[in-house]
Protein chains: 2
Amino acid sequence: MADVAAEAHVSVKTVSRVVNHEPGVRPDTAERVRAVIERLGFRRHDGARLMRQGRTFTIALVVEDLANPFYSQIGAAVEREARIRQHQLITASAEGSPSRERAVIEALVGRRVDGIVVVPADESASSDAVLEASHTPIVYMDRPVRGTPRDTVLSDNQGGIRSAVEHLVAHGHRNIAFYGDDPAFWTARQRRDAFVATHEGLGLPSSPRVSMGPHTVGSVRETLIPWSAGPEPISAVITGNNRITLAVLLALRELRLPLSLVGFDDFELAALIDPPVTVVHQDPAAMGQKAAQQLFARLLGDESPAQTVVMPTRLIVRASGLRRAPLGR
Amino acid sequence: MADVAAEAHVSVKTVSRVVNHEPGVRPDTAERVRAVIERLGFRRHDGARLMRQGRTFTIALVVEDLANPFYSQIGAAVEREARIRQHQLITASAEGSPSRERAVIEALVGRRVDGIVVVPADESASSDAVLEASHTPIVYMDRPVRGTPRDTVLSDNQGGIRSAVEHLVAHGHRNIAFYGDDPAFWTARQRRDAFVATHEGLGLPSSPRVSMGPHTVGSVRETLIPWSAGPEPISAVITGNNRITLAVLLALRELRLPLSLVGFDDFELAALIDPPVTVVHQDPAAMGQKAAQQLFARLLGDESPAQTVVMPTRLIVRASGLRRAPLGR
DNA sequence: TGCGGGAATGACAGCGTTGTCTGACCACCG
DNA sequence: CGGTGGTCAGACAACGCTGTCATTCCCGCA
């Protein structure tokens with residue numbers, strides 16, 4: 001900028017004015033400055049500018065793994081919200097590790113990002129102190145965090161599972177099993193609890209059959225065999241996420257068990273699988289958008305108490321959930 | 001930092017030294033400073049630091065749409081490379097628009113990112129001047145760009161298609177159709193050309209049957225019907241990307257045509273579809289990693305001529321490509 | 001011709017750091 | 001007891017920009 005100023009025989013301030021389209025520069029002066037800028041290939045250093053102004057016009061997104069479609073859809077939505085507000089988005093992966101997440105967040109705070117959207121690795125709020133001290137607004141997604149209440153955007157896990165159970169029951173199923181993920185995950189617990197609650201609420205026979213934990217085709221098979229034989233054989237399965245849906249699907253195929261299936265989480269091509277899989281669809285893009293909007297509201301000065309938004313889920317009925325329950329019993 | 005300095009009765013420089021673990025501070029002084037830092041919740045402002053140092057320790061990734069698995073896998077890989085080098089990653093979507101891409105790149109250059117990885121929206125190199133002037137290293141991915149040679153990481157489209165054709169021919173197919181994407185896309189042209197070339201190279205009967213353009217189930221059906229009837233009916237199809245694979249799959253299912261299929265691009269659950277789809281797998285994660293590594297090499301001063309790397313593809317054989325061609329004709 | 005007043009321009013400080021250089025202090029040696 | 005050399009600490013400028021305020025310019029008018 002100093003070079004341009006010298007070359008155009010004006011002060012740096014005048015160059016600054018021209019660059020920022022501020023008023024108060026005579027057209028011919030502005031023209032001259034612009035010519036020099038063009039000739040020298042000058043480009044404003046936004047880092048310096050932003051530092052002067054105390055804001056970075058940057059927000060950040062911290063997730064476990066960007067390659068995971070759930071997170072990448074969130075990423076795309078958050079980026080979009082950022083872009084239309086002239087902000088840039090820094091994305092970072094914590095790889096599921098709370099300590100790495102903490103390090104990442106500290107680095108982001110060090111850069112003075114204006115705000116952060118996080119899908120937290122655990123519920124420990126380990127970065128709370130840092131965020132508090134730096135007054136960096138944060139929005140949590142997909143699972144809540146203990147401690148100081150913060151803006152949070154969740155999926156309606158309970159409603160989703162409930163709709164799945166009800167759907168199956170409406171089609172005559174009375175014996176339904178649930179395969180959930182490791183109960184260390186909050187969402188896994190939510191879904192399991194919703195299954196059990198709905199199961200009991202509807203007064204289904206026998207106690208709910210639930211299998212939690214990381215699942216493989218093998219681990220699924222082990223429970224699937226006894227549950228589908230015996231006196232009260234299951235006729236349908238609900239799964240807690242799409243990895244498990246996959247495992248169950250493979251196990252069912254392998255064992256040639258024609259059970260109904262409703263999976264939590266939609267996935268690409270669920271419609272093409274044979275049989276097409278009925279799913280509880282959650283909308284990561286909508287969640288991401290909501291979270292970003294909430295964050296920007298804070299950036300614009302919204303000081304209302306922290307809010308938790310629960311985004312609706314939707315049952316997408318495809319063939320796999322339609323198979324009628326066997327007659328009798 | 002000034003506050004800390006005052007409170008600890010030292011100069012800002014000493015605080016700086018403590019913060020950065022520079023030598024030459026007496027342990028007790030350092031301890032005192034650290035205590036004040038802790039008490040005041042001071043945190044170094046990395047923006048200012050980086051500005052002083054002239055580097056931002058930030059790279060950027062510009063793609064069409066982060067939600068697309070191809071790009072998000074690239075994103076995850078690039079982020080990983082950045083993270084292990086203590087850099088941050090800014091991701092930006094151009095939504096396939098060259099002008100938006102240009103605007104995005106200019107904004108990034110304005111922020112003085114250290115380097116950029118781009119999956120270009122078109123071949124026009126519209127940001128070349130900006131990049132040239134700012135000396136920002138750039139690596140292009142997935143498709144080349146005209147003009148000044150730049151580092152580029154491509155997929156072996158030709159080899160991939162060739163292996164698909166050869167695979168089908170080895171299984172007895174003589175009449176194979178190709179459905180490609182809009183020839184406006186460089187990759188679509190590459191794949192089509194490779195199909196035609198291989199087709200001719202192998203001396204297959206009749207002229208190659210090729211259908212390009214954005215495809216829907218409907219548009220596929222329209223050519224599929226005549227091609228699979230008539231004197232030289234096709235017995236296999238090769239598709240140019242996974243959206244088209246999907247359309248063809250649906251069309252085949254609808255028309256109840258038992259043709260063999262090999263798709264370009266793997267996709268989640270390709271193995272679960274009935275029949276499991278044989279695909280030419282390209283590895284976006286490896287491509288992203290390679291591109292990032294190339295970029296960092298430049299950042300470390302590598303001044304060798306621009307390089308084009310072609311990443312191998314791999315044929316993943318599943319049932320859909322194994323069906324034998326009908327005997328006789 | 002002188003003057004008032006708005007428009008155009010510039011000087012300067014400061015955003016929060018760090019690199020460079022200078023200075024204070026201390027211990028040790030002859 | 002003076003000199004030497006090393007350690008620790010601080011002053012200052014600079015990175016590239018912008019906000020504030022002061023100054024200059026120019027025009028119209030009396």
Side-chain angles (χ1 to χ4, degrees), chain A residues 1-37 40-58 86 106-114 133-136, chain B residues 1-37 40-58 86 106-114 133-136:
Chain A
M1 203 173 244
D3 293 353
V4 173
E7 198 82 358
H9 304 291
V10 294
S11 71
V12 286
K13 179 66 214 196
T14 297
V15 178
S16 168
R17 277 193 265 258
V18 172
V19 168
N20 297 302
H21 308 105
E22 282 174 36
V25 180
R26 244 192 352 235
D28 57 327
T29 312
E31 195 39 60
R32 189 160 32 108
V33 171
R34 268 191 294 270
V36 176
I37 286 176
L40 266 50
F42 166 79
R43 182 162 290 273
R44 186 182 60 197
H45 188 308
D46 283 318
R49 169 196 173 80
L50 297 174
M51 152 160 172
R52 185 66 233 270
Q53 308 192 140
R55 285 207 38 197
T56 56
F57 281 83
T58 304
Q86 324 268 34
E106 295 201 351
L108 292 167
V109 169
R111 295 245 179 158
R112 301 295 193 271
V113 296
D114 294 335
S134 63
H135 302 116
T136 309
Chain B
M1 206 173 243
D3 293 353
V4 174
E7 200 82 1
H9 303 291
V10 294
S11 71
V12 287
K13 181 65 216 195
T14 296
V15 178
S16 169
R17 276 194 265 258
V18 172
V19 167
N20 297 300
H21 308 104
E22 282 175 38
V25 181
R26 247 198 341 244
D28 58 326
T29 313
E31 196 37 63
R32 187 161 32 111
V33 171
R34 268 193 293 271
V36 177
I37 287 177
L40 266 50
F42 166 80
R43 180 163 292 274
R44 185 181 60 197
H45 188 308
D46 283 319
R49 169 196 174 80
L50 297 174
M51 153 159 170
R52 185 66 234 268
Q53 309 194 139
R55 285 208 39 197
T56 56
F57 282 81
T58 304
Q86 324 268 34
E106 295 201 351
L108 293 168
V109 169
R111 297 246 178 154
R112 301 295 192 272
V113 295
D114 294 334
S134 63
H135 302 116
T136 310

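Each chain gets a letter, A, B and so on, in the order the sequences are listed, and its residues count up from 1.
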(message) Please enumerate all residues that pass side chain to side chain contact (heavy atoms under 4.5 Å, CB included) together with Val109(B), with sequence neighbours excluded.
(response)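 By the side chain to side chain contact (heavy atoms under 4.5 Å, CB included) rule, Val109(B) matches Arg43(A), Ile105(B), Ile116(B), Val130(B), Leu131(B), Ser134(B), Thr136(B).
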(message) Run the side chain to side chain contact (heavy atoms under 4.5 Å, CB included) test against Glu31(A) and tell me which residues pass, sequence neighbours left out.
(response)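 For Glu31(A), the residues satisfying side chain to side chain contact (heavy atoms under 4.5 Å, CB included) (neighbours in sequence not counted) are Arg34(A).
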(request) Identify which one of Thr58(A), Asp46(A), Thr56(A) satisfies the side-chain hydrogen bond (donor to acceptor under 3.5 Å, both in side chains) criterion when paired with Arg111(B). (result) Thr58(A)
(message) Please find the pair of heavy atoms, one from Phe42(A) and one from Val4(A), that lie closest to each other, and give the distance.
(response) CB-CG2, 3.6 Å
(message) Ignoring hydrogens, what is the shortest heavy-atom contact between Ser11(A) and Ala5(A)? Give both atom names and the distance.
(response)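 Closest approach of Ser11(A) to Ala5(A): C-CB, 3.7 Å.
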(request) Using five pairs at either end of the helix from dT1(C)-dA30(D) to dG30(C)-dC1(D), determine the angle between the two local helix axes and round it to 10 degrees. (result)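 Rounded value for the end-axis angle: 70°.
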(request) Under 4.0 Å from any heavy atom of chain B: name the first and the last nucleotide of DNA chain D that qualifies, 5' to 3'. (result) dC8(D) to dG16(D)
(request) To the nearest 0.5 angstrom, please state how far the OG1 atom of Thr14(A) sits from the CE atom of Met1(A). (result)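 Thr14(A) OG1 to Met1(A) CE: 10.5 Å, rounded to 0.5 Å.
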(message) As an exercise, state the distance from CZ of Arg44(B) to CG of Leu50(B), rounded to the nearest 0.5 Å.
(response)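 It comes to 8.0 Å.
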(message) When you measure from the side-chain N and O atoms of Thr14(A) to the phosphate of dG10(C), is any distance below 4.0 Å, counting only OP1 and OP2?
(response) yes
(request) Report the C-alpha separation of Met51(A) and Arg112(A) in whole Å, then their side-chain angles, then the decisive distance to 0.1 Å, and conclude whether the side-chain contact (heavy atoms from CB on, under 4.5 Å) test is met. (result) CA-CA 10 Å; Met51(A) 152 160 172; Arg112(A) 301 295 193 271; over 6 Å; no
(message) Return a single string for nucleotides 14-24 of chain C, one symbol per nucleotide in 5' to 3' order, where B is base contact, S is sugar-phosphate-only contact and - is none, cutoff 4.0 angstrom on heavy atoms.
(response) BBBBBBB----
Result block: side-chain N/O donor-acceptor pairs under 3.5 angstrom for residues 21-28 of chain A, not counting sequence neighbours:
residue, atom, partner, partner atom, Å
Arg26(A), NE, Asp28(A), OD1, 3.2

